[in-house]
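Notes for the one structure printed next.
A note on names: the letters A, B, ... follow the listed sequences, proteins ahead of strands, and every chain is numbered from 1.
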Amino acid sequence: MSETTTAAEAAAPHRYTAAMAADIETRWQDFWEKQGTYEAPNPGAGELGGDPDMVAKPKKFFMDMFPYPSGSGLHVGHPLGYIATDVAARYQRMTGHNVLHTLGFDAFGLPAEQYAVQTGTHPRESTEANIVNMRSQLRRLGLGHDQRRSVATTDPEFYRWTQWIFLQIFDSWYDAEADRARPVAELVAEFESGRRPTPEGHASWAELTEVQRAELLGEYRLAYASDAPVNWCPGLGTVLANEEVTAEGRSERGNFPVFKAKLRQWNMRITAYADRLVNDLEGLDWPESIKLAQRNWIGRSEGAHVDFPVPRQSARPVESAGDAGGGPAGEATISVFTTRQDTLFGATYVVLAPEHELVADIVPDAWPEGTHQTWTGGHGSPRDAVAAYQAQAAAKSDVERQAEVKDKTGVFTGAYATNPVSGEQVPVFVADYVLMGYGTGAIMAVPAHDHRDFAFARAFELPMRCVVEPADGRGNDPADWDDAFVSYDARVVNSAGPRITIDGLGVTEAKAKVTEWLEAQGIGAGVVNYRLRDWLFSRQRYWGEPFPIVYDEQGVAHGLPESMLPLELPEVDDYSPRTFDPDDAATTPETPLSRNHDWVHVTLDLGRGDGPRAYRRETNTMPNWAGSCWYELRYLDPRNDEAPVDPTVERYWMGPREGIPHGGVDLYVGGQEHAVLHLLYARFWSKVLFDLGHTSSSEPFHKLYNQGMIQAFVYRDRRGIVVPAAEVEERDGQYFHRGEQVSRQLGKMGKSLKNAVTPDEIFADYGADTLRLYEMAMGPLDVSRPWDPRAVVGQHRLLQRLWRNVVDEATGEVRVADTEPDEDTLRALHKAIDGVRQDLSGLRFNTAVAKVTELNNHLTKQSVVPRGVVEQLVLLIAPLAPHIAEELWHRLGHETSLVYADFPVADPAYVVDESVTCVVQIKGKLKARLEVSPSITDADLEALALASPAVASAMEGMSVRKVIVRAPKLVNIVPS
RNA sequence: GCGGCCGUGAUGGAACAGGUAGACAUGCCGGGUUUAGGUCCCGGUGGGGUUGAUCCCCCGUGAGGGUUCGAAUCCCUCCGGCCGCACCA
């Protein structure tokens, strides 16, 4: 911008420019802050209670996915969703709602740690500095947030309650009969009274030692420590949840290899909620794609367990209850999971995962006579063959397994199991296409009707039997087939035996009959199986919530009493995670908190009546996701020091309501990347808190909206090196950087691609209102679209024209007239009101901007601007461009802010045109237009259309066969 | 491989429930204001044909086919792009 006053500026000293925008915007931002304009009152007399009239209004609770306070600042892509929710929230304020809208910070996480390692600053310091910086950047956008409610997950007063919720989860178990979580104390009471017997294999409650009791309860608790195999990522130095590992078996963050390792880690029993997490999706107003992603991730499938008896070779006693316990001595049982019980007669072999614990028990000393050459893997004994295969499978990474999907490998165990329906002896194989982590880790193979089994059977020359009649004419002999026949809509054949016959039944009937039979025989049962696993909840990090858990001398975990919360992060010498060679699977994690010996080893009185005792603290910290699992609740009641949220306040803002029995936030806007992470975890916590009676809402977010990404052009030179987008010049559709031609592609916006545009640049050139309008006008909120630096000016021009319609650029005087608007203008106004209302409530911001623009353009063409109309226009644009709207509102003589002014209401009489253009088509082709009254009858319109000269000439020599009339918009004439 | 979404001017995108395709904006073209520039103003702008000109005609929503009086919109096949899951029994 030029410093000297130009001639144009001298001619128009009161033009709306970037400088004037900056002045207006900061002035109103200060005003709003001072007035507490956006402070939404809670019901009741609490600290955030307020105006009862406001509380009595219908409420709206709008949220954005809160940001990580990064040190590198914002680019224009970041606030897209924040602007959208702000516009929606402002619209709701003007339509008589008590609107809660704020934004907090998800501030635990790796970047602060890494920054701390580089610079020596404490993560808390850099985090707080970043939050201050981000707050001021966001403030400059004019977002109407209730600042009193903005929380940071790193705040001890916040994570005190994260820890408290963890303890609630730790102290509860899932009662499958009641289908909800209950306090562990109630479970203990049931064990003590004998009302609930201890599970098979355990002594009675009274006979158990304290350690044994703790172990038993650990099998019930919703938060529990276990030694199950976890995802260990040496490159990051921490273990990870399944959701954080990519399909390629690498860490989502950093792309390091991930290995399975047996480590004692904390887990959350999210699997207990699998069914409810699937079922409750139905009532949510979420994008189908996200619901689908969650359904896929949970992976509910209905099927059955089926027992296949197999001779036991070793003399080992039966170790544990369950699958292996049923058979007579010398016999083991392979329990398989299948979703196709109906194909049981077609099961011609059985496969165990290489890690299956039964493998060792069933392998005989020598190959049975006549064993196929291909089955032995060239080994002299089954033991050698299986051991070699197991070693080979263990050494394979997930990536390698993926690569070999087409080529099935495996080896015969030497054992034969009995097919329970046919009594047939079927060979038992070990193969890595069966995964230990899904189902029972064992399958019955039905090669004729499963693609994978078919491929394996072909490779190993195993028999196939067709038991579902192919409907595609391929015949009933699998030997002639290229692939398995898989269908759920077919008839069962070849499935008659001495014990059960299902021939002729449809797949569904056959399934039901087989399941019933299995249950009656006690050799199987219908089960529902899930792909979802429990959520691995501990991390080897410094910058996270410490677990409020201590271990006594016997190693039993105890929750800290509420009075000891928050358990604050201790000072340590070194915050950095201990990382390792990314490929070295043999490493083990080290927790930064363990470096503070004095903090770890403490003497505490936990209030259990046993006085002060020595304890050792848990040194893992919680994953990043913990704080975001419940932060919506804290927005409601951020200063409550007796509970995470007051129940009355929670019910007011989030409780069940008309058509929304689950309750939850009214609108939640954020990116798609959290489909199976944050959004799943938060739903889980929400349900636990609901079950335990702490909240009235069993879903956190009723309506979810995914905003698209703002992309930007990426310019590369001939060597493919990215050049700064700001330095590229365009000439005749070609792009040049320092004289050299460069190529242009669309990509993410960001520093690494040298194409980031910061809000500050746009503020300097145009102002915040222009930025807001441009982001809203670019396209539908849920679609990704490129940032076009040249196009921003269009929205600035709109504001300039709006300004000019109210204010004389030369004098600064208000130039509107107190005249009555003409009919045309009234119709333009009321159509705009009607359209903008619909668009804003439907989150169609781009078309709302277009309608406001149209009305403004209409006024621009008028010689006099009627005050009544322009005032309504100012209100219409207020949610989108609140600063200029306030300024004009003020200049138009209003004393109070328009934030709570009534949004204009359309007069239906003016929403319809006085006359409408009727289209006359002949065979669907446009032939003529007629100006007609909107209330014209079909008959009148038909007569009018047929009488029109254009129709008469076009219909010359033809007769009318049929006329379709859709008064008042259309007549279509069909000639014969 | 399975599942889902999407292809409209030079560009971002409109078109609510099948009924005037291209609203609104950028860019571009022409004109104005200005010493000049544009973050100013006014007008034009899908392609082709025709006319002195208004008019008028034809074509047009990735390609092909279908349903319909009428299709960007519904159905089928194909092509292209994006996303999710992926040996899940």
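Nearest nucleotide to the A:Tyr433 side chain, out of B:rG43, B:rG19, B:rC87: B:rC87. Looking at the side chain of A:Thr338, the nearest of the listed nucleotides B:rA89, B:rC69, B:rG27 is B:rA89. With distances taken from any side-chain atom of A:Phe337 to the nucleotides B:rC69, B:rA89, B:rU39, the minimum falls on B:rA89. Set against B:rC87, B:rU39, B:rC16, the side chain of A:Lys408 has B:rC87 as its closest nucleotide. Comparing atom distances between the A:Thr860 side chain and each of B:rG27, B:rC24, B:rC42 picks out B:rC42 as nearest.
Residue-level contact check: A:Arg300 touches neither bases nor backbone, having no heavy atom under 4.0 Å from any strand. Note on A:Asn529: nothing from the nucleic acid sits closer than 4.0 angstrom, heavy atoms only. A:Arg531 comes within 4.0 angstrom of a nucleotide base, judged by non-hydrogen atoms across all strands. Within 4.0 Å (heavy atoms only), A:Ile443 reaches at least one base atom of the nucleic acid. Within 4.0 Å (heavy atoms only), A:Thr770 reaches no atom of the nucleic acid at all. Contact annotation for A:Arg295: no contact, since no heavy-atom pair falls under 4.0 Å across all strands. Within the 4.0 angstrom heavy-atom criterion, only backbone atoms of the sugar-phosphate kind lie near A:Val974; the bases stay farther away. A:Lys291 comes within 4.0 angstrom of nothing in the nucleic acid, heavy atoms only. Across all strands shown, A:Gln800 has heavy atoms under 4.0 Å from sugar-phosphate atoms exclusively, and none from any base. Within the 4.0 angstrom heavy-atom criterion, no nucleotide atom of any strand lies near A:Ser289.
For B:rU39, the OP1/OP2 oxygens have no side-chain nitrogen or oxygen of A:Tyr766 closer than 4.0 Å. Between A:Asn857 and B:rA23 there is no side-chain N or O to OP1 or OP2 distance below 4.0 Å. Side-chain N/O atoms of A:Arg801 include one lying less than 4.0 angstrom from OP1 or OP2 on B:rA25. For B:rA25, the OP1/OP2 oxygens have no side-chain nitrogen or oxygen of A:Arg797 closer than 4.0 Å.
Rounding to whole angstrom units, CD of residue A:Gln838 and P of B:rA17 are separated by 12 Å. As rounded to whole Å, 17 Å separates atom P of B:rG84 from atom CH2 of A:Trp286. Remark: P of B:rU33 and CZ of A:Arg15 are 15 Å apart, rounded to the nearest angstrom. For the pair A:Glu942 CD and B:rG19 C1', the computed distance is 16 Å after rounding to whole Å. In this structure, A:Arg790 atom CZ and B:rU11 atom C1' are separated by 8 Å, rounded to whole Å. The CH2 atom of A:Trp787 sits 15 Å away from the P atom of B:rU26 (whole-angstrom rounding). Regarding A:His451, its NE2 atom lies at a distance of 14 Å from the P atom of B:rC87, rounded to whole Å. The interatomic distance linking A:Met778 (CE) with B:rA14 (P) rounds to 12 Å, in whole Å.
Each of A:Ala293 and A:Gly441 lies near RNA chain B, and the nucleotide nearest A:Ala293 is the one positioned closer to the 5' end. The residue among A:Gln921 and A:His796 whose nearest nucleotide of RNA chain B lies closer to the 5′ end is A:Gln921.
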Working note: A:Asn529 + A:Ser301, criterion side-chain hydrogen bond (donor to acceptor under 3.5 Å, both in side chains); need CA distance, chi angles, decisive distance, verdict.
CA-CA 5 Å; A:Asn529 194 57; A:Ser301 48; 4.9 Å; no

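Within 6.0 Å of NZ on A:Lys291 lie more than 12 heavy atoms contributed by other residues, nucleotides or ligands.
Ring geometry, A:Phe337 versus A:Tyr438: the interplanar angle exceeds 60°, so the pair is classed perpendicular (tilted spans 30 to 60°). The aromatic rings of A:Tyr16 and A:His796 are tilted relative to each other, their planes meeting at an angle between 30° and 60°.
A donor-acceptor pair shorter than 3.5 Å cannot be found between the side chains of A:Ser784 and A:Gln711. Side-chain contact annotation: A:Thr409 with A:Tyr389, donor-acceptor N/O pair under 3.5 Å present.
Taking 90° from 0 as the syn/anti boundary, the base of B:rG9 is oriented syn.
Remark: A:Arg340 is positioned above the aromatic ring of A:Tyr488, its terminal NZ or CZ atom under 6.0 angstrom from the ring centre and at most 45 degrees off the axis. Annotation: cation-pi geometry satisfied between A:Lys408 and A:Tyr433 (NZ/CZ under 6.0 angstrom from ring centroid, within 45° of ring axis).
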Represent RNA chain B in dot-bracket notation, 5' to 3'. Only Watson-Crick or G-U wobble pairs with both distances under 3.5 Å count; pseudoknot-style crossings use [ ] and interstrand partners use |.
(((((((..(((......[....)))((((((.......))))))((((......))))..(((((..]....))))))))))))....

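Listed in residue order, the members of residues 842-854 of chain A having a heavy atom less than 4.0 Å from RNA chain B are A:Asn846, A:Thr847, A:Ala850, A:Thr853, A:Glu854.
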